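Some notes on the structure that comes next.
All of these numbers come straight from a predicted model, not from anything done at the bench. In this chain, residues are counted from 1 in sequence order.
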Amino acid sequence: MAVPEVIPIAYEPHGRTEAIGRYADGQFMGSVTYAFPKGFDLGAGWEEHKRLYSVLHTFDADGTYRDSEIWCAGTWAEQQRAPHGPDSVLARARAHLATMLRSLPRRTYTDISVRPFQLTVDGVLFGLVTGEDDGEPWAELYPDHLGFGAPWDGTYDT
């Protein structure tokens, strides 16, 4: 079975796909995720290169990519220095995502179906990328590392 043109993604409350759904102008997919720049090799000082992003992708009603708002809240090193409270990197990222989601008129959280897309910000790959390994088609959401595949029912693997 080939990768479908429009890939279903199941809404999972309190899970990794808790910030997806529909709004007045189409569909949306939001997340808070850590990422390294493409090609980064772990070594001394890696904590300053691992960044936490608030991400909101929007799509039209047919699942065609429209736009993304991607905001870096800080690094893993900053989070470790101040791990708790409203000024922590994680708290800032979650608050920023909540603000972005509130900006979507008539938002409802539900399953979505979107077409593959990709963009690079700060050297980090964002998008829903497709491919094939050993004859098995797949799609993966980057940088979240959520994998989708047959039976293409919207469930993901990490």
Side-chain angles (χ1 to χ4, degrees), residues 1-42 46 49-73 76 79 89-158:
M1 174 183 273
V3 175
E5 278 187 43
V6 181
I7 299 165
I9 301 174
Y11 168 65
E12 185 179 286
H14 311 294
R16 301 273 305 273
T17 57
E18 69 181 354
I20 69 170
R22 298 185 178 276
Y23 74 111
D25 295 330
Q27 302 179 74
F28 67 91
M29 179 182 346
S31 69
V32 170
T33 185
Y34 277 103
F36 286 105
K38 201 170 180 183
F40 179 77
D41 290 323
L42 284 176
W46 65 267
H49 297 277
K50 186 176 183 180
R51 301 179 206 130
L52 184 62
Y53 291 93
S54 295
V55 179
L56 180 64
H57 303 296
T58 57
F59 309 85
D60 69 14
D62 295 325
T64 301
Y65 173 75
R66 277 199 177 137
D67 196 19
S68 296
E69 186 173 337
I70 299 170
W71 180 74
C72 181
W76 178 256
Q79 176 64 25
V89 170
L90 182 56
R92 289 192 318 254
R94 287 179 174 158
H96 191 82
L97 177 60
T99 298
M100 291 190 296
L101 291 169
R102 280 193 303 272
S103 75
L104 299 173
R106 297 195 316 268
R107 149 186 102 257
T108 59
Y109 296 95
T110 188
D111 299 349
I112 62 172
S113 294
V114 299
R115 298 174 192 281
F117 70 100
Q118 61 183 329
L119 67 150
T120 302
V121 175
D122 295 338
V124 176
L125 174 63
F126 292 87
L128 185 59
V129 179
T130 62
E132 189 174 301
D133 285 329
D134 298 324
E136 293 296 318
W138 55 265
E140 186 167 351
L141 182 63
Y142 285 95
D144 304 77
H145 297 291
L146 301 182
F148 301 90
W152 303 104
D153 61 0
T155 59
Y156 63 83
D157 193 13
T158 56

>> Would His145 and Thr158 count as a side-chain contact (heavy atoms from CB on, under 4.5 Å) here? Give the steps.
In response: CA-CA 6 Å; His145 297 291; Thr158 56; over 6 Å; no
> What's the verdict on side-chain contact (heavy atoms from CB on, under 4.5 Å) for Phe148 and Leu128, showing C-alpha distance, side-chain angles and the deciding distance?
Replying inline: CA-CA 10 Å; Phe148 301 90; Leu128 185 59; 4.2 Å; yes
>> Working note: Asp62 + Thr64, criterion side-chain hydrogen bond (donor to acceptor under 3.5 Å, both in side chains); need CA distance, chi angles, decisive distance, verdict.
In response: CA-CA 6 Å; Asp62 295 325; Thr64 301; 5.9 Å; no
> Between Ile20 and Ile9, does a side-chain contact (heavy atoms from CB on, under 4.5 Å) hold up when you go through it step by step?
Replying inline: CA-CA 8 Å; Ile20 69 170; Ile9 301 174; 3.8 Å; yes
>> Lys38 vs Val124, test: side-chain contact (heavy atoms from CB on, under 4.5 Å). Steps then yes/no.
In response: CA-CA 5 Å; Lys38 201 170 180 183; Val124 176; over 6 Å; no
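Side-chain contact between Ile7 and Trp152 is present, with heavy atoms from C-beta onward closer than 4.5 Å. A 4.5 Å side-chain heavy-atom check between Thr33 and Leu52 finds every atom pair outside the cut-off. Contact annotation: the side chain of Met29 approaches that of Leu141 to within less than 4.5 Å [non-hydrogen atoms, C-beta and beyond]. Arg22 has its side chain out of reach of Arg107: every pair of non-hydrogen atoms, C-beta onward, lies at least 4.5 Å apart. Contact check for Ser68 versus Phe126: no side-chain heavy atoms found under the 4.5 Å cut-off. Val55 has its side chain out of reach of Trp71: every pair of non-hydrogen atoms, C-beta onward, lies at least 4.5 Å apart. No side-chain heavy atom of Leu56 sits under 4.5 Å from any side-chain heavy atom of Ile70.
A donor-acceptor contact shorter than 3.5 Å is absent between the side chain of Arg66 and the backbone of Gln27. Side chain of Gln79 to main chain of Val89: a donor-acceptor pair is present (N/O by atom type, distance under 3.5 Å, no hydrogens or angles). Between the side chain of Glu18 and the main chain of Tyr11, no donor-acceptor pair closer than 3.5 Å is present. Asp133 contributes no side-chain N or O that, together with a main-chain N or O of Glu136, makes up a donor-acceptor pair within less than 3.5 Å. Side chain of Gln118 to main chain of Val129: no donor-acceptor pair is present (N/O by atom type, distance under 3.5 Å, no hydrogens or angles). Judged by distance alone, with hydrogens and angles left aside, the side-chain atoms of Arg92 form a donor-acceptor pair with the main-chain N or O of Ala73 at under 3.5 Å. When atom types are taken as modelled, the side chain of Thr17 and the backbone of Ala10 share a donor-acceptor pair closer than 3.5 angstrom. Looking only at distances, a side-chain donor or acceptor of Arg51 sits under 3.5 Å from a matching main-chain atom of Asp122.
Residue-environment remark: CD (Glu132) exceeds the threshold of 12 foreign heavy atoms within 6.0 Å. Enclosure of atom CZ in Arg94 is not indicated, since only 12 or fewer non-hydrogen atoms of other residues, nucleotides or ligands lie within 6.0 angstrom.
Minimum interatomic distance between Leu97 and Gly30 (heavy atoms only, all atoms of both residues): CD1-CA, 4.1 Å. Scanning both residues, Tyr142 and Leu125, for their nearest heavy atoms gives CB-O, 3.5 Å. A pairwise comparison of heavy atoms in Pro4 and Pro8 identifies CG-CD, 4.5 Å as the closest pair.
Using bins of under 30°, 30° to 60° and over 60° for the plane-to-plane angle, the ring pair Tyr109/Phe28 lands in the perpendicular bin. Classification of the His57-Phe117 ring pair by plane angle, with boundaries at 30° and 60°, yields perpendicular.
Tyr34 and Trp76 have their aromatic ring centers within a separation under 6.0 angstrom.
Atom-to-atom distance recorded for Asp111:CG and Asp153:CG is 9.5 Å, nearest 0.5 angstrom.
Side-chain atoms of Ser31 and Asp144 form a donor-acceptor pair, as typed in the model, at a separation below 3.5 Å. Side-chain contact annotation: Glu12 with Tyr156, donor-acceptor N/O pair under 3.5 Å present.
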